[in-house]
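Because the structure is predicted, anything quoted here is derived from the model rather than measured. Just so you know, these numbers use all the heavy atoms, side chains as well, and skip hydrogens, waters and symmetry mates.
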Protein chains: 2
Amino acid sequence: MQKRITLKTVAEAAGVSVSAVSMALRDHPRISETKRVEIKALARELGYIYNRQAASLRQGTSDNISICVNDLHNPVFLEFLTAIERELRQSDKLVLLCNAREECEIQDSFIRRMLEQGSSGLLLSPVEGTCPETLRTIVQNNFPTVFFTRRLEDEGFDHVVSDDALGVGLAVDELVRLGHRNIAWIGGGQHTSTAAARFEGFAAALQKHGLALTEAMVEKVPETGLEVGRAAMDRILRHAPEVTAVACFSDLLALGAASTCREAGRSVGQDISIIGHDDLEQSVYFDPGLSSVRVAKEQIGRDAARLLLNRIACPEAPPVHETVAPSLILRGTTGPCPVR
Amino acid sequence: MQKRITLKTVAEAAGVSVSAVSMALRDHPRISETKRVEIKALARELGYIYNRQAASLRQGTSDNISICVNDLHNPVFLEFLTAIERELRQSDKLVLLCNAREECEIQDSFIRRMLEQGSSGLLLSPVEGTCPETLRTIVQNNFPTVFFTRRLEDEGFDHVVSDDALGVGLAVDELVRLGHRNIAWIGGGQHTSTAAARFEGFAAALQKHGLALTEAMVEKVPETGLEVGRAAMDRILRHAPEVTAVACFSDLLALGAASTCREAGRSVGQDISIIGHDDLEQSVYFDPGLSSVRVAKEQIGRDAARLLLNRIACPEAPPVHETVAPSLILRGTTGPCPVR
DNA sequence: CGCATGCGCTCAATCGTTTGACTTCATTCT
DNA sequence: AGAATGAAGTCAAACGATTGAGCGCATGCG
């Protein structure tokens, strides 16, 4: 096994100094056109591999960016990631991804590791119950960080989130307009800003329309999976049969709820209306298509990425808080309130 | 903004040499118990952050491992990842993840970047049409690499895959046992080992049972999403109405197909049987539960990770090829062939 | 002709950590 | 007593790329 090809190897082969090679490869003007071409060709031929560890040790910077997502099991995060990566690829940053699976420990060790690796910034959709220790690490090392999808109470950090309360408000308004009076809620049992805001939006909207919020009509489930939605809907059908419409924290919950309704012989969109939240790419393909609150994922991802680049360039700027308005997408799961 | 805290900072504060601090932090026996405790406490107090770039530059090794997945849109890859990460976390390796979104260029630049970063190994579920250039990069730098879920024709690499042909064979056997004679196929239009093997398994099984394979009954779609499955099933219903059972390349396709059938008024599991492949975690929650070929994701992920660690430890060992047998999981979407 | 200018390149220090060689001092063995 | 051993550190040379300073050499100008 031969030794690693370094600048030195190339320099010796080309009969020039190490610095000349370094500069040639980076198109530094101090090196002549002819030499540059020659050196580059030689480097390629020898199979030279740039050593970023050495480079960034010397320079004190790196051009990779870390993303830590609370849980990839919800496909909505994939959509955020796509938008973020699209934006960051343009600036030739490498994106390193971590799926924290809603475990604080995973998130923690990833962040620490990224600091050790010299990552230049972090995009964070924090896990439920993110420990203060983690935040301290970020602050102490002033690690450029932008929160997205979920924010913290601490106002000192940048964040880009959806206007969750507004979104649920839009959903409830539409259900009321369709004549529904007994509207249930599924989701929002997590201790996250998103869960809190969406439920508050629900409660506020009910109040605005003078509707009651009874205990049997609220299912504060702690997760967002399909199966959880199914079970929650089952409880609602049994304990609150008067319900004709359901607003859900997420599309996954809504799809689960719809499946329970169908099983119970209630036609979704006619006997009972269901609205999700997030507007997953695949929600349009369900039968009937899921009505949902469309979170501006493209914009949130893009803006979070840009904000991070700004923050890296200018660490002392005051924190930026961005709240992006969602919109309502109506498909087949919502319809007029059935007459008794 | 203060300068970065380094070993030197800590050493000066503790009144010892830089090497002493380095050794103390790594529990080197040459440092006494008392000094070690003292130095560690001081390092923590000062907020010392280990600089891995410097360390691995010096050592010529790093302890992070890269995973590149062809496309996270299929949730089955999340399940593989979970298994892999579980295994690697034990050995205190950092896992760096890339979603190649089935684009060769993304995969390519990730791999190159990982070489530059000094990643110690790669787990790769290669994108469709992985270019030879990429493989050359891997070989030339003898970058320890294990392929999983999809393999290459090149026998020189390690791989861990499911026995795809066997899996589809099991599915067809079951459908035949249930009395079906007109069995259609959806999927497998991609240029991947998985697509080829699953379709071959289908064709071979039909032949074994003396059944015909007509063109109208084969939908070689190039993707695996829900919507593609829906469209494919639609074409089958129109052009091959005699079909009573469908074997699919993936669960996503199968779920799409099932949705089309329901829409067309065909009761899935009674009028028509559908079998998926992969056995996604969520497939059990659909209504009716999806029958599927269960790929041993836990085992494949675990073994791929272990294989990689072996490969890293021993780069010259002969390549290992592992094929893991899947099993058949029957739920509600399969039933006896309806009598005419 | 002599001196400044600038081009094109080399030199050497540097980033932070690791590690084999070396030092110092105390203790043990012969 | 003198040599040998060992414990607990220190020293300095790496790892590979970058970069400010420096150095010939040719050209231009007065």
Side-chain angles (χ1 to χ4, degrees), chain A residues 1-40 42-43 46-64 113-120 141, chain B residues 1-40 42-43 46-64 112-113 115-120 141:
Chain A
M1 193 175 107
Q2 84 285 8
K3 292 191 73 104
R4 179 161 189 164
I5 311 284
T6 72
L7 285 187
K8 197 166 155 206
T9 326
V10 179
E12 280 163 6
V16 296
S17 73
V18 171
S19 358
V21 179
S22 168
M23 290 168 149
L25 294 179
R26 284 172 303 130
D27 294 324
H28 193 290
R30 214 186 284 170
I31 303 296
S32 68
E33 170 84 21
T34 47
K35 271 248 149 72
R36 182 175 10 119
V37 173
E38 185 191 323
I39 290 175
K40 278 189 173 178
L42 195 54
L46 291 173
Y48 168 71
I49 294 275
Y50 183 59
N51 186 332
R52 263 171 214 277
Q53 325 217 50
S56 64
L57 171 59
R58 172 62 227 251
Q59 297 182 122
T61 67
S62 88
D63 47 3
N64 57 48
R113 194 84 175 218
M114 285 301 119
L115 269 165
E116 296 179 352
Q117 298 254 345
S119 173
S120 51
N141 296 281
Chain B
M1 193 176 108
Q2 84 286 8
K3 293 191 72 107
R4 181 163 186 160
I5 311 285
T6 71
L7 286 186
K8 195 167 156 203
T9 326
V10 180
E12 279 163 8
V16 296
S17 72
V18 171
S19 0
V21 179
S22 168
M23 290 167 146
L25 294 179
R26 285 173 303 130
D27 293 324
H28 192 290
R30 215 186 284 171
I31 304 296
S32 69
E33 171 84 22
T34 46
K35 270 248 149 69
R36 184 177 5 123
V37 172
E38 184 191 325
I39 290 175
K40 280 189 173 179
L42 196 53
L46 291 173
Y48 168 71
I49 294 276
Y50 183 56
N51 186 332
R52 264 173 214 276
Q53 326 215 53
S56 62
L57 171 59
R58 170 64 227 246
Q59 297 183 122
T61 66
S62 86
D63 46 3
N64 58 45
R112 189 162 188 89
R113 195 87 174 215
L115 270 165
E116 295 179 355
Q117 298 253 344
S119 172
S120 51
N141 297 282

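The listed nucleotides are dT17(C), dT18(D), dG16(D); the one nearest the side chain of Q59(A) is dT18(D). Nearest nucleotide to the A20(B) side chain, out of dT10(D), dT10(C), dA17(D): dT10(D). Here the nucleotide nearest the side chain of S17(B), chosen from dT10(D), dG9(D), dG16(C), is dT10(D). Listed nucleotides dT19(C), dG16(D), dG16(C) differ in distance to S22(B); the shortest reach to its side chain belongs to dT19(C). Proximity note for R26(B) (side chain, C-beta onward) versus dT19(C), dC9(C), dT18(D): the nearest is dT19(C). For V16(A), taking side-chain heavy atoms from C-beta onward, the closest of the listed nucleotides dG9(D), dT10(C), dG16(D) is dT10(C). Looking at the side chain of Y48(A), the nearest of the listed nucleotides dG9(D), dT17(C), dA17(D) is dA17(D).
The separation between E12(B) atom CD and dG16(C) atom P is 12 Å, rounded to whole Å. The CD-P distance, from Q53(A) to dT18(D), rounds to 13 Å in whole Å. Rounded to an integer number of Å, the gap from D63(A) CG to dA17(D) P is 15 Å. What separates CG of L7(B) from P of dT19(C) is a distance of 12 Å, to the nearest Å. Atom-to-atom, NE2 of H28(A) to C1' of dC7(C) comes out at 13 Å; the value is rounded to the nearest Å. Atom pair E116(A):CD and dT17(C):C1' shows a separation of 13 Å (rounding to whole Å applied). Distance, E33(B) CD to dA8(D) P: 11 Å, rounded to whole Å. Rounding to whole angstrom units, CZ of residue R58(A) and P of dC15(C) are separated by 8 Å.
Contact annotation for S19(B): base contact, defined as any heavy-atom pair under 4.0 Å involving a base atom. Here I31(A) lies in heavy-atom contact (under 4.0 Å) with sugar-phosphate atoms only. Within the 4.0 angstrom heavy-atom criterion, base atoms lie near V18(A).
Nearest approach of Y48(A) to L25(A), heavy atoms of both residues: CE2-CD1, 3.6 Å. Considering every non-hydrogen atom in both L46(A) and A13(A), the closest pair reads CD1-CB, 4.1 Å. Minimum heavy-atom separation, E38(B) to A14(B): OE2-O, 4.5 Å.
For the pair Q53(A) (side chain) and Q117(B) (backbone), a donor-acceptor distance under 3.5 Å is present.
Side chains of R4(B) and N141(A) form no contact here, defined as non-hydrogen atoms less than 4.5 Å apart.
A distance of 5.0 Å separates CG in D27(B) from CZ in R36(B), rounded to the nearest 0.5 Å.
A close approach under 4.0 Å does occur between a side-chain nitrogen or oxygen of K35(A) and OP1 or OP2 of dC9(C). OP1 or OP2 of dC9(C) lies within a sub-4.0 Å distance of a side-chain N or O belonging to S32(A).
Side chain R30(B) to base dG9(D): a donor-acceptor pair is found below 3.5 Å.
Mapping P29(B) and A54(B) onto DNA chain D by nearest heavy atom places P29(B) closer to the 5' end of the strand. Residues G15(A) and L57(B) both approach DNA chain C. Their nearest nucleotides, taken by heavy-atom distance, put G15(A) toward the 5′ side.
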